[in-house]
Amino acid sequence: MVLFAAAAGGALVVQARDSSTQEARQLSKGVARSFARAPGTLAAMKSGRPTELLQPRAEDTRRNTGVDYVVAFDPQGFRWTHPDPKLIGKHIYAVREGGAADRPFTKTFEGSLGLAVDTTVPVYDTNGITIVGFVSVGVTVASVDDVVMDQLPQLLGFAGGALAVAAGGTALVSWRLRRQTRGLDPSEMTRMYEHHDAVLHAVREGVLITGSDGRLLLANDEARRLLNLPADAEERRVTDLGLEAGTAELLGSGRPVTDVVHLAGDRLLAVNVRPVDPDDRPAGSVATLRDTTELRALAGRAEVARERLGLLYEAGVRIGTTLDVVRTAEELAEVAVPRFADAATVDLLDPILRGAVSAGPGPQMRRVAVHGVDGARSLYPVGELIRFVPTSPVALGAERGRAVLDADLTASDGWMSAQDPERARRLLDLGFHSLITVPLQARGVVLGMASFWRSDGVPFGGEDLAFAEELAARAAVAVDNARRYTREHGLAETLQRSLLPSSLPDHSAVEVAHRYLPALEGVGGDWFDVIPLPGARVALVVGDVVGHGLHAAATMGRLRTAVHNFSALDLPPDELLGHLDELVARIDSDEQEEREGESVSGATCLYAIYDPASGLCSLSRSGHPEPALVHPDGTVEFLRVPGSPPLGLGGGEPFETAEVTLPEGSRLVLFTDGLVEDRERGFDTGLQALGHALARPGRTPEETCRDVLDALLPARSSDDIALLVARTGLLDRSQVAEWDVPGDPAVVAGIRAEVTGRLRTWGLEEMAFTTELIVSELVTNAIRYGIAPIRLRVLHDRDSLICEVADGSSTSPHLRRAATTDEGGRGLFLVARFAQRWGTRYMARGKVIWTEQSTRAPAGEPEEVSAETLLDQWEDASW
């Protein structure tokens, strides 16, 4: 150790000296080049007084950089500068020894200051050819030695520390060695080893000694025989000896065990493991092995039980992954084959498939699942309705509510022949020899029967019967859950479809097509509607209630009814959504008080009104996606409609309306978010896909619906989808007549005449008297009670004649019963009598009084009904 420390110390000194010398070479080279190229050096060498100019600079450089000298001399070798002024002007004889004069070189030589590391750099004239002088910079070896001496205490300290560590390690190893051997000398250890070795190889019990790293250290002869170990087993990991996985893991782990039975080849071994060190330190373990082959039968039964428990656990995981009755039955059959049976069938009562509850078990069931070996094709196929004979295990099990075991089908084929002789013969020929039939019973109700068939191996026994009952009981709960879900889903879907419009009205303003697709995981609250409005206008509505199930469907019906009622008031879109927002907030508040956790929690809605006379479309939305507009040339844009929070969550904030003029033949596409967004596709990505699907000119609304669903419909929709496509139309200008009405009652007669002339043009002369009466009353009232400007508009739309009188006041006339002494009050009554419908529509400034008459069955002329007859229709009981 001392020699090693001395050698290491010397090596470190040499290394330090070499490193310091190398640093000196770099320092001298850098300073020499810097001084030679410094501004003024060339000029000073070419001047007539180089020593005077260069000596101060050389000394400053020497002191600042730490070198020992900076010497400048001429090409003949006469010094201009030197740390010793006495040597200035002296000749340097060794300037060219060891290097070329025309390029920098570094060498170690004996100079005027002693042995030094010197770098000499030539200084060229401006032409780069002529050498004007040289700069020589050196660091003496004595300086280098000073650096090494400064580091020598550290080096010696390191060497001493290494020596101390080595000595301490040696002492520790010696101490631990004596402690491990309990202070025994070599001869005693040899005698003890021979005695123990004789005992190990003489006993008839396998002994294995393994280290803490899992390597085999010692195996006696019996252990080698029992485990069939290779000759080179020592020093190999136990897990690499080819043992059974469980045995290798136990022997290599070193954890204490007592009489654990493991299978090794054709032997059953009882394994005991104990740690070597009594202090429980990780020092290895000793394992003993005893041959207990007589326990093989017991181990076999334990293995079967373990496998059955594993199969039950797997059944709990695999059965009931979906809420589909048929798929759940298929999962039961797939779990049972082939680990328990060679074929499995599941038969369910027909009402169970529809989600209903059966009136009671019966012999007639429908096969919903068949799984197994090739011979399973001889069983009844899936979908067939089977009527089992009373003596069959299926009928007996359904009647008794207990499992039935038929251990030998060949000895009891009477019921098989009675059921289907040809099929029975094929099953026996294929080797099916035993059968277990178990009722699928949940909550006291028999849902169906599961049958397990074997064609290979031993027949079913009593233990198999108990296992089949446990397996069927778990599957029955899953089937019943799926049945309940099917029932609720069907009720919700039926309710929702009953609340949605069965057909949309035929309207001259738009040609519409629609689609509604419920979610596979639960019916939601999406809805759509097309509502005719006065003045040949139409309202297009699409909405979505948050949530799924019966509650969402029922809430959707309430909101759809509310929209119809508000539309009957002819409200603008923003006002209608405001009323709807208040309604949803009130419903949400009421239901939170009555049923905790059953609130609406918001809904979305898009409401649009289209006027075919002007092509103007007014839209408002509340938390709903913006609609798409497809221009006649196929260009797609998403209309910028101001957004508002969902209904019921806005907190009373006002809604905004956007107005857009739609070209004739354009398609307005309204949809819910389930169309463009799902678990695998973001909202923006869905909008892009929708835009691509719509960008096809010349498509009808029905074709547009097909294009959109083909492109965007997901495989398993997690949300409802509502889609409404409306292609817009415009009334021909010849179908609309308009007049500006002055505020003079004398003009009424002229306006009546012009209206009559327009009716004659439209071929509606038979409606002239009724229309003149209506126009006269409405225009006269507007002049008398309204505010300018007053305007009359008459529209002929298919089978309707519409009259509209607009003025600037917001007061609305009301139908009332006029007294006998009243001079007025009967005009509006006559209007209501002869018009099919009438009403008031408010605008931003003013109102519109409108009437609508049917051109198919025009009303009777006024003179055909007396005043007394008309008044008699308004008796006191009717008010």
Side-chain angles (χ1 to χ4, degrees), residues 312 315-316 318-337 340-372 376 378-406 415-416 419-420 423 427 432 435-453 460 464-490:
L312 285 177
R318 291 179 55 185
I319 299 176
T321 58
T322 66
L323 290 174
D324 182 81
V325 174
V326 174
R327 180 55 193 155
T328 303
E330 292 173 349
E331 290 169 345
L332 169 60
E334 292 169 0
V335 167
V337 178
F340 176 66
D342 298 311
T345 61
V346 180
D347 308 306
L348 296 178
L349 297 167
D350 256 356
I352 304 301
L353 297 174
R354 300 191 300 270
V357 179
S358 175
Q364 185 169 289
M365 298 184 187
R366 190 172 299 277
R367 180 141 296 175
V368 294
V370 176
H371 189 71
S378 298
L379 303 171
Y380 285 102
V382 172
E384 185 166 346
L385 185 63
I386 309 170
R387 185 172 185 83
F388 295 97
V389 297
T391 56
S392 68
V394 173
L396 294 175
E399 180 182 357
R400 300 171 183 174
R402 296 195 304 271
V404 176
L405 169 64
D406 195 338
W415 67 267
M416 296 178 62
Q419 181 74 45
D420 190 333
R423 199 179 302 273
L427 288 175
F432 286 101
L435 166 69
I436 292 179
T437 303
V438 190
L440 297 174
Q441 189 170 357
R443 300 175 179 92
V445 177
V446 174
L447 310 175
M449 300 294 292
S451 300
F452 305 101
W453 305 73
F460 287 120
D464 298 315
L465 185 66
F467 173 78
E469 290 178 331
E470 178 67 21
L471 181 62
R474 298 194 178 197
V477 174
V479 171
D480 190 54
N481 290 337
R483 177 195 66 80
R484 289 169 176 264
Y485 173 79
T486 301
R487 179 175 179 273
E488 181 179 346
H489 187 275

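- Using a 4.5 Å cut-off on side-chain heavy atoms (C-beta onward), Leu379 and Leu427 make contact.
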* **side chain to side chain contact (heavy atoms under 4.5 Å, CB included) between Asp347 and Phe388, worked out** => CA-CA 11 Å; Asp347 308 306; Phe388 295 97; 3.6 Å; yes
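- Counting all heavy atoms, side chain and backbone alike, Gly320 lies closest to Thr328 at N-CG2, 4.2 Å.
- Taking each heavy atom of Ile319 and Ala478 in turn, the nearest pair found is CG2-CB, 4.0 Å.
- A centroid separation of less than 6.0 Å is found between the aromatic rings of Phe467 and Phe340.
- A pairwise comparison of heavy atoms in Ile436 and Ala468 identifies CG2-CB, 3.7 Å as the closest pair.
- The structure places CH2 of Trp453 at 8.5 Å from CG of Asp406, a figure rounded to the nearest 0.5 Å.
- Under the 3.5 Å distance criterion, the side-chain polar atoms of Arg474 are matched with a main-chain donor or acceptor of Leu312.
- The minimum heavy-atom distance between Leu447 and Ala442, with the atom names listed, is CD1-CB, 4.3 Å.
- The main-chain N or O of Val477 is found under 3.5 Å from a side-chain atom of Asn481 such that the two form a donor-acceptor pair.
- No side-chain heavy atom of Asp480 sits under 4.5 Å from any side-chain heavy atom of Val445.
- Remark: Arg402 CZ is loosely packed, at most 12 non-hydrogen atoms of other residues, nucleotides or ligands lying under 6.0 Å away.
- Between the CG atom in Leu435 and the OG1 atom in Thr345 there is a gap of 8.0 Å [rounded to 0.5 Å].
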* **Stepwise side chain to side chain contact (heavy atoms under 4.5 Å, CB included) check, Leu348 with Val325** => CA-CA 9 Å; Leu348 296 178; Val325 174; 3.5 Å; yes
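- In terms of heavy atoms, Pro390 sits closest to Leu396 at O-CD2, 3.5 Å.
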* To do: Check step by step if side chain to side chain contact (heavy atoms under 4.5 Å, CB included) holds for Leu471 and Leu332.
  => CA-CA 8 Å; Leu471 181 62; Leu332 169 60; 3.9 Å; yes
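- Looking at heavy atoms from C-beta onward, Thr486 lies out of side-chain contact with Leu323 at the 4.5 angstrom threshold.
- With hydrogens and angles disregarded, no donor-acceptor distance shorter than 3.5 Å links the side chain of Arg367 to the backbone of Gly383.
- Thr437 OG1 to Phe452 CZ: the interatomic distance, rounded to the nearest 0.5 Å, is 9.0 Å.
- Checked by atom type and distance alone, the side chain of Glu330 never pairs as donor or acceptor with a backbone atom of Ala369 at under 3.5 Å.
- Taken from CG in Leu440 to CG in Leu349, the straight-line distance is 9.5 Å, to the nearest 0.5 Å.
- With a 6.0 Å radius and a threshold of 12 heavy atoms from other residues, nucleotides or ligands, Glu399 has its CD atom at or below the threshold.
- Taking all atoms of both residues into account, the shortest heavy-atom contact from Ala403 to Leu465 is CB-CD1, 3.5 Å.
- Here the CE-OG1 distance, from Met416 to Thr391, works out to 11.5 Å after rounding to the nearest 0.5 Å.
- Side chain of Gln364 to main chain of Leu385: no donor-acceptor pair is present (N/O by atom type, distance under 3.5 Å, no hydrogens or angles).
- Distance CD/Gln441 to CE/Met449: 9.5 Å, rounded to 0.5 Å.
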